[in-house]
Peer 1: 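Okay, handing you the structure first.
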Amino acid sequence: MEEDIDTRKINSSFLRDHSYATEADIISTVEFNNTGELLATGDKGGRVVIFQREQENKNQPHRRGEYNVYSTFQSHEPEFDYLKSLEIEEKINKIRWLPQQNAAYFLLSTNDKTVKLWKVSERDKRPEGYNLKDEEGRIRDPCTITSLRVPVLRPMDLMVEATPRRVFSNAHTYHINSISVNSDYETYMSADDLRINLWNLEITNRSFNIVDIKPTNMEELTEVITAAEFHPHNCNTFVYSSSKGTIRLCDMRSSALCDKHSKLFEEPEDPSNRSFFSEIISSISDVKFNHSGRYIMTRDYLTVKVWDLNMENRPIETYQVHDYLRSKLCSLYENDCIFDKFECVWNGSDSVIMTGSYNNFFRMFDRNTKRDVTLEASRENSKPRAILKPRKVCVGGKRRKDEISVDSLDFSKKILHTAWHPSENIIAVAATNNLYIFQDKVN
């Protein structure tokens, strides 16, 4: 894979860069739509930026993979809960696309409390020749109207409009960490720290609580929900992960409230590795079904694991993301980095796994060859068509010229959010306030 993966990723498009970045510019989620033609990012300022892929040009075939800004809109605004004296951030926690049914695109975006359904559509014609309005839109005096006109559509410059079609609010006491669209495309779920709600996309004033792990006495609280996702094909099945490192598979056919799981996936802890930080680093930050729905991938602080739905007692694959940080857990705890929530993604064929790390590194694991590679998303690598070179971290002893010492890693530069094109080897990597897109090498 040294040669398979590291020389593959090229043409990094430096799509979004702010030299004077503010906290609001930090990218908080990245998501391709079902065809991969659109890529959406959300940031801490509540904005959604959608990029569209360049159409194929015979004169410039290498530009096919480039994505350019398609639409930008303010999805969420900061709010204040006066009853609880609580500020509600505008930060976009998750974006999920709905399958395209017509010329318009639909996506769900959420902050800590409110989910919104957005319609993104194009307009290249405008109506003219109203009877009751003049050209400026002012109402005309009916007495001056002497003839009946038939309004006509005139061409205009292409305009992309984003309009909120539904607002799903007032259903979560705690912060929303996940949204997932069901395979029936009629419902979706939203998960917070203690509850999961099921919504119909057409109904905003009512949702059904399908998981509730809140204890009667909050002092007895031992775990929280960290992520949740629907099965890609079975509309009755979903999984959710917890801060204790467990994954629960639930079937909505068994009962309306899925308090009792169908399966519990948990790996027994190795007593020799037990430490003060064991519970923190075992917390699962992301859970993803593969495309067939047979396997589940989870990400905790140090590893990515792949689970078979038919085997609950241990994962079938475990990949070490940055095991060299095990000796640094104390300092990572002190600077709060140990609580960072890294995401993980499958490629289109489920043969390669990608996840982020520190120092703007991201890791790729080939499940077939069992090889892995570390790549870097940085300003130096952002020149178009530049080939990414593999990076290596040196733990101790002599350091080679192309290696970086574990003590030199920059923990303020971290890649938490990544996305993989559904059918091609194109990846999107969010590095703080910058979005990088890398694509397969084109011969």
Peer 1: Take atom CZ of Phe80 as the centre, draw a 6.0 Å sphere, and report whether it contains more than 12 heavy atoms from other residues, nucleotides or ligands.
Peer 2: yes
Peer 1: Can you name the one residue among Ile280, Leu329, Ile284 that meets side chain to side chain contact (heavy atoms under 4.5 Å, CB included) with Tyr301?
Peer 2: Leu329
Peer 1: Do other residues, nucleotides or ligands put more than 12 heavy atoms under 6.0 Å from the OH atom of Tyr333?
Peer 2: no
Peer 1: Both conditions, 6.0 Å and 45 degrees, for the charged tip of Arg367 above the ring of Tyr295: are they met here?
Peer 2: yes
Peer 1: Is the side chain of Lys113 donor-acceptor paired with the backbone N or O of Thr173 at a distance under 3.5 Å, no angle test?
Peer 2: yes
Peer 1: Just checking Lys413: does its NZ atom have more than 12 heavy atoms from other residues, nucleotides or ligands closer to it than 6.0 angstrom?
Peer 2: no
Peer 1: Decide whether Asn111 and Asn93 meet the rule of one side-chain donor and one side-chain acceptor closer than 3.5 Å.
Peer 2: no
Peer 1: Looking at Glu31 and Lys94, does any basic side-chain N land under 4.0 Å from a carboxylate oxygen?
Peer 2: no
Peer 1: For Glu267, does the CD atom have more than 12 heavy-atom neighbours from other residues, nucleotides or ligands under 6.0 Å away?
Peer 2: yes
Peer 1: Does the side chain of Asp81 come under 3.5 Å of the side chain of Ser85 through a donor N or O and an acceptor N or O?
Peer 2: no
Peer 1: Please name the residue in the list Ile50, Ile95, Leu107 that meets the side chain to side chain contact (heavy atoms under 4.5 Å, CB included) test with Trp118.
Peer 2: Leu107
Peer 1: Taking the side chain as every heavy atom from C-beta outward, state whether Met354 and Val352 have any atom pair closer than 4.5 Å.
Peer 2: no
Peer 1: Could you tell me whether the side chains of Thr318 and Thr303 share a donor-acceptor contact shorter than 3.5 Å?
Peer 2: no
Peer 1: Are Ile437 and Ile426 packed together at the side-chain level, in the sense that at least one heavy-atom pair is separated by less than 4.5 angstrom?
Peer 2: yes
Peer 1: Pair Tyr358, Phe411 - check ring-ring contact (aromatic ring centres under 6.0 Å, His included), show working.
Peer 2: CA-CA 5 Å; Tyr358 293 104; Phe411 293 105; 5.0 Å; yes
Peer 1: Should Glu376 and Arg391 count as an ion pair when the cut-off is N to O under 4.0 Å?
Peer 2: yes
Peer 1: Quick one: do the Asn182 and Thr187 side chains pair a donor with an acceptor below 3.5 Å?
Peer 2: yes
Peer 1: Taking atom CD of Glu87 as the centre, report whether more than 12 heavy atoms of other residues, nucleotides or ligands fall under 6.0 Å from it.
Peer 2: no
